[in-house]
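Notes for the one structure printed next.
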Amino acid sequence: MEDALAKGITLGTFPVTTCPIGVNILNQVDINTGKKNASDAAYTLAMHLLAFKLNQTAGAYECGYAKDAAMKADILLTSIKYNATGIYLNSKASLYSYALSLATILDKYNNNTLSTTDCAKLAPIQPAQKKSAEIASVVTPTTTDESTFRAYPNPFTEQLNIEFSAATDTQAKLEIYNIVGSKLETLFNGPVNGGELYTVQYLPKLISSQIVFYHLTINGKTQVGKLIYNERK
């Protein structure tokens with residue numbers, strides 16, 4: 001586990017930095033109090049997500065169904081601000097069943113019981129919330145009260161997941177540039193709803209260990225950051 005954690009593993013935005021922390025998460029234990037929280041769906045999801053990421057780091061088999069579930073698990077844990085301590089999702093929480101559905105997929109992957117047919121599926125999306133006695137077909141993973149940006153994993157070897165939101169309804173543009181300032185790709189360009197989280201994927205065709213930069217422009221203001229691509233060996 002120590003070698004895997006040294007490469008950088010996060011659950012949502014929470015970094016798993018030491019083996020004792022990792023062991024507590026795998027045992028569904030609050031890292032501050034030592035209390036086991038097996039009835040909390042967030043701890044169950046974090047346990048299976050960590051096992052999945054450890055297996056992936058060790059070179060376990062590829063499965064799109066499990067990878068999609070892991071991505072959605074990261075989004076869910078981010079939305080509830082998971083940090084391996086406290087209470088998050090008891091049996092009455094609106095996301096309780098959804099968290100367990102993702103955990104079940106990851107558990108099956110970790111136990112090598114997913115078939116080729118399974119791996120061609122997509123993981124379930126977060127269930128819609130009731131609005132005026134009706135149910136919307138989809139909902140956003142989370143909402144925020146300010147502009148945000150997150151890219152994970154970084155460094156990345158295959159797909160990079162990028163999430164962003166704006167504080168108010170506005171226009172947004174997300175672009176990728178190389179180190180000499182030439183634009184490689186526009187990932188998003190259009191209107192956004194305030195407080196709504198948007199997710200896009202970046203699938204690069206780059207040489208080993210190339211550095212690229214994202215330019216995120218929201219409401220006329222641009223932020224720039226570095227992304228690192230390491231070719232899988």
Side-chain angles (χ1 to χ4, degrees), residues 6-17 49 53 56-57 64 67-83 95 102 122-123 125-126 128-129 131 136-232:
K7 296 179 181 178
I9 289 180
T10 60
L11 304 176
T13 57
F14 177 69
V16 184
T17 55
L49 180 59
K53 292 188 175 185
Q56 287 284 285
T57 303
K67 290 182 72 173
D68 187 43
M71 182 185 72
K72 289 170 179 173
D74 271 318
I75 292 172
L76 189 157
L77 292 177
T78 298
S79 73
I80 62 175
K81 299 180 180 179
Y82 171 83
N83 63 0
L95 293 175
L102 296 177
L122 291 176
I125 62 170
Q126 178 178 324
Q129 304 296 317
K131 293 183 179 180
S137 60
V138 295
V139 294
T140 54
T142 188
T143 58
T144 59
D145 56 7
E146 60 183 0
S147 297
T148 61
F149 178 90
R150 177 172 177 249
Y152 63 94
N154 188 26
F156 62 105
T157 55
E158 294 179 345
Q159 175 177 291
L160 177 72
N161 303 296
I162 300 175
E163 302 168 0
F164 66 92
S165 69
T168 59
D169 293 358
T170 186
Q171 293 286 322
K173 182 184 290 186
L174 178 60
E175 301 166 297
I176 303 296
Y177 286 78
N178 64 19
I179 199 168
V180 296
S182 298
K183 185 169 70 174
L184 300 176
E185 190 171 353
T186 298
L187 301 180
F188 184 94
N189 187 14
V192 293
N193 299 322
E196 187 169 315
L197 187 70
Y198 291 80
T199 303
V200 297
Q201 284 77 44
Y202 179 45
L203 298 166
K205 295 180 180 179
L206 304 174
I207 62 173
S208 178
S209 300
Q210 183 166 348
I211 296 174
V212 297
F213 296 87
Y214 72 82
H215 288 210
L216 176 63
T217 303
I218 293 179
N219 200 24
K221 297 181 180 179
T222 301
Q223 69 178 78
V224 178
K226 181 170 66 175
L227 306 169
I228 302 173
Y229 173 73
N230 289 326
E231 185 179 32
R232 184 182 291 276

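Numbers for residues simply follow the sequence, beginning at 1.
Shown here for G194 and D169, the closest heavy-atom pair between the two residues is N-OD1, 2.6 Å. Between V192 and A166, the closest heavy-atom pair is CG2-CB, 4.0 Å. Residues A172 and F188 approach most closely at O-CD2, 3.5 Å, considering heavy atoms.
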Hey, mind stepping through T78 and T13 against side-chain hydrogen bond (donor to acceptor under 3.5 Å, both in side chains) and telling me if it holds? CA-CA 6 Å; T78 298; T13 57; 4.9 Å; no
Could you walk me through whether E163 and D74 pass the side-chain contact (heavy atoms from CB on, under 4.5 Å) check? CA-CA 11 Å; E163 302 168 0; D74 271 318; 5.8 Å; no
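Take N193 and apply the side chain to side chain donor-acceptor pair (under 3.5 Å) test, not counting sequence neighbours, and it matches E196. The side chain to side chain contact (heavy atoms under 4.5 Å, CB included) test applied to A151 returns F149, L160, I162, L227, not counting sequence neighbours. Every side chain to side chain donor-acceptor pair (under 3.5 Å) that Q159 has, sequence neighbours left out, goes to N161.
Remark: R150 CZ to L197 CG distance equals 9.5 Å, nearest 0.5 Å. The OG1 atom of T10 lies 8.5 Å from the OH atom of Y152; values are rounded to the nearest 0.5 Å. Rounded to the nearest 0.5 Å, atoms NZ (K67) and NZ (K72) are 14.0 Å apart. Residue L77 holds its CG atom at 10.5 Å from CG of N83, rounded to the nearest 0.5 Å. Distance CD1/I9 to OG1/T57: 4.0 Å, rounded to 0.5 Å. Annotation: the span from L187 atom CG to L174 atom CG amounts to 4.5 Å, rounded to 0.5 Å.
Using cut-offs of 30° and 60° on the angle between ring planes, the pair F14 and Y82 is perpendicular.
Pairs of residues two or more places apart, or lying in two chains, never qualify as salt bridge (charged side-chain N to carboxylate O under 4.0 Å, His left out) while including a residue from residues 211-222.
Listed for the D68 side chain is a donor-acceptor partner under 3.5 Å among the backbone atoms of A123.
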Mind listing the side-chain donor-acceptor pairs of residues 212-219 below 3.5 Å, one per line with the distance, residues two or more places apart or on another chain?
{"unit_1": "Y214", "atom_1": "OH", "unit_2": "Q223", "atom_2": "NE2", "d": "3.2"}
{"unit_1": "T217", "atom_1": "OG1", "unit_2": "T222", "atom_2": "OG1", "d": "2.6"}
{"unit_1": "N219", "atom_1": "OD1", "unit_2": "T170", "atom_2": "OG1", "d": "3.3"}

